[in-house]
Protein chains: 2
Amino acid sequence: MQKQETLTKNQKIILDLIEKSDQPLKAYSILFDVKKKGINAPLQVYRALDKLVKIGKIHKIESRNAFIACKNSKCQIANATIFSICESCEDVTEIHDHKLSEHLRDFKDNKGMKYNKYNLEFFGLCKKCV
Amino acid sequence: MQKQETLTKNQKIILDLIEKSDQPLKAYSILFDVKKKGINAPLQVYRALDKLVKIGKIHKIESRNAFIACKNSKCQIANATIFSICESCEDVTEIHDHKLSEHLRDFKDNKGMKYNKYNLEFFGLCKKCV
DNA sequence: TTATAAATGTTATATTATTACACAGCGTTA
DNA sequence: TAACGCTGTGTAATAATATAACATTTATAA
Ligand SMILES: [Zn+2]
Ligand SMILES: [Zn+2]
Ligand SMILES: [Zn+2]
Ligand SMILES: [Zn+2]
């Protein structure tokens, strides 16, 4: 099997849900919401999430154990994510900053690590919460 | 009570253990190891971990749910961490790169977020695992 | 068509983290 | 001294997050 072009039923259901939310969703809240669509078990959710993360349709916010849709339609950057997180209202925004991305992409440590991915999370207070 | 200078018994026990390991430890593995010292419950571990994170003695590797000691004796950077993580052997190293840190510290988005913390995790393969 | 990779459905279980409550120790200050 | 606030402790219970194992089905490739 080559690269899968079309999403499967479960993957579509779960991606739809995540895309409708502009904020990250947690796995068990997703599970709760898709039970009416016949998805009954955590594993079904986690499998779809894994796949969607892998193909870059969604990203995991590691510090929150939550998943957010990628708005960048041509997301080549499943492996290069930057987020801004408000610690008061928990609002999360994906950041696309060319200069910063470049800097991170080009970063080399002094140990000969071969990087293929990074995830950066900024924390603070958003305008509304300052 | 002012800022606490000295660590408490539980905090010391747990920091000692983490400092002895050059790799991240998980909360329940810590719990297992400190049972012989009279720490019996998860909460006792998590409370110590929270405190140690807060004062910058250790850092949490978010993508691994694990905790590593900060080697930087004067760590003013509890709130500005960069890690390199090998996805094969799971070796984790804290990175201190002045230029990159500066770049991250100075980063401003276009939404008026007021940042006070960031965490960056690089993933890839270390020299041994390439 | 046959082999194989990917996805599904289900049950059970493992792992990570928090809530709730009672109490002890220390420093401040009334 | 006594009252108070703050931080930490100990314990039990439970919540939240994630994976293992197994049987089956579907999609693609040769
Ligand atoms: Zn994205
Ligand atoms: Zn906010
Ligand atoms: Zn550090
Ligand atoms: Zn390695």
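Quick note on labels: first sequence line is chain A, next is B, and so on, each numbered from 1.
- In this structure, B/K12 places its NZ atom 11 Å from P of D/dT9, rounding to the nearest Å.
- In terms of phosphate contacts, B/K51 brings a side-chain nitrogen or oxygen within less than 4.0 Å of OP1 or OP2 of D/dG8.
- The nearest whole Å value for the distance from the NZ atom in A/K54 to the P atom in C/dA7 is 8 Å.
- One distance of note links CD1 of B/I82 with CG of A/D109; it measures 11.0 Å at 0.5 Å rounding.
- Straight-line distance from the CD1 atom of B/I14 to the C1' atom of D/dG10: 13 Å, rounded to whole Å.
- Taking B/E87 as the reference, A/K117 meet the salt bridge (charged side-chain N to carboxylate O under 4.0 Å, His left out) condition, with sequence neighbours excluded.
- Put simply, B/N65 has no side-chain N or O that comes within less than 4.0 Å of OP1 or OP2 on C/dT16.
- Taking 4.0 angstrom as the limit, B/T8 places a side-chain polar atom (N or O) nearer than this to OP1 or OP2 of D/dT9.
- In this entry the distance linking NZ of B/K9 with P of D/dG10 reads 5 Å, nearest Å.
- Of all the residues in residues 18-43 of chain A, A/K26, A/Y28, A/L43 reach under 4.0 Å from DNA chain D with at least one non-hydrogen atom.
- Distances shown here put a side-chain N or O of A/K60 below 4.0 Å from the OP1 or OP2 atom of D/dA18.
- Here A/S84 contributes atom OG and A/F123 contributes atom CZ; the two are 10.0 Å apart, rounded to the nearest 0.5 Å.
- The distance between atom CZ of A/R64 and atom P of C/dT18, rounded to the nearest whole Å, is 11 Å.
- Over its length, the helix from C/dT1-D/dA30 to C/dA30-D/dT1 turns its helix axis by 30°, as judged from the five terminal pairs at each end, rounded to 10°.
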Would you be so kind as to tabulate the donor-acceptor pairs closer than 3.5 Å made by side chains of residues 41-48 of chain A, with sequence neighbours excluded?
unit_1 : atom_1 : unit_2 : atom_2 : d
A/Q44  : OE1    : A/N40  : N      : 2.8
A/Q44  : OE1    : A/A41  : N      : 2.9

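- Distances from the side chain of B/Q11 to the nucleotides D/dA18, C/dT16, D/dG8 place D/dG8 closest.
- Here A/E121 pairs with A/S63, A/N119 under the side chain to side chain donor-acceptor pair (under 3.5 Å) rule; sequence neighbours left out.
- Remark: B/Y115 engages A/F122 in a ring pair (Phe, Tyr, Trp, His ring centres under 6.0 Å) (not counting sequence neighbours).
- Taking atom CD1 of A/I55 as the reference point, atom P of C/dA6 lies 13 Å away to the nearest angstrom.
- Between A/F67 atom CZ and D/dT17 atom C1' the separation is 9 Å, expressed in whole Å.
- Considering only side-chain atoms of B/Q44, the nucleotide from D/dG10, C/dA17, C/dT10 that sits closest is D/dG10.
- Checked against side chain to side chain contact (heavy atoms under 4.5 Å, CB included), A/K127 has no partners two or more places apart in sequence or in another chain.
- Atom CG of A/D50 and atom C1' of D/dT17 are 13 Å apart (whole Å).
- A search for salt bridge (charged side-chain N to carboxylate O under 4.0 Å, His left out) contacts involving A/E90 returns A/R64, not counting sequence neighbours.
- Listed by first and then second residue, the side chain to side chain donor-acceptor pair (under 3.5 Å) pairs involving residues 20-37 of chain B are B/Q23-B/D91 (not counting sequence neighbours).
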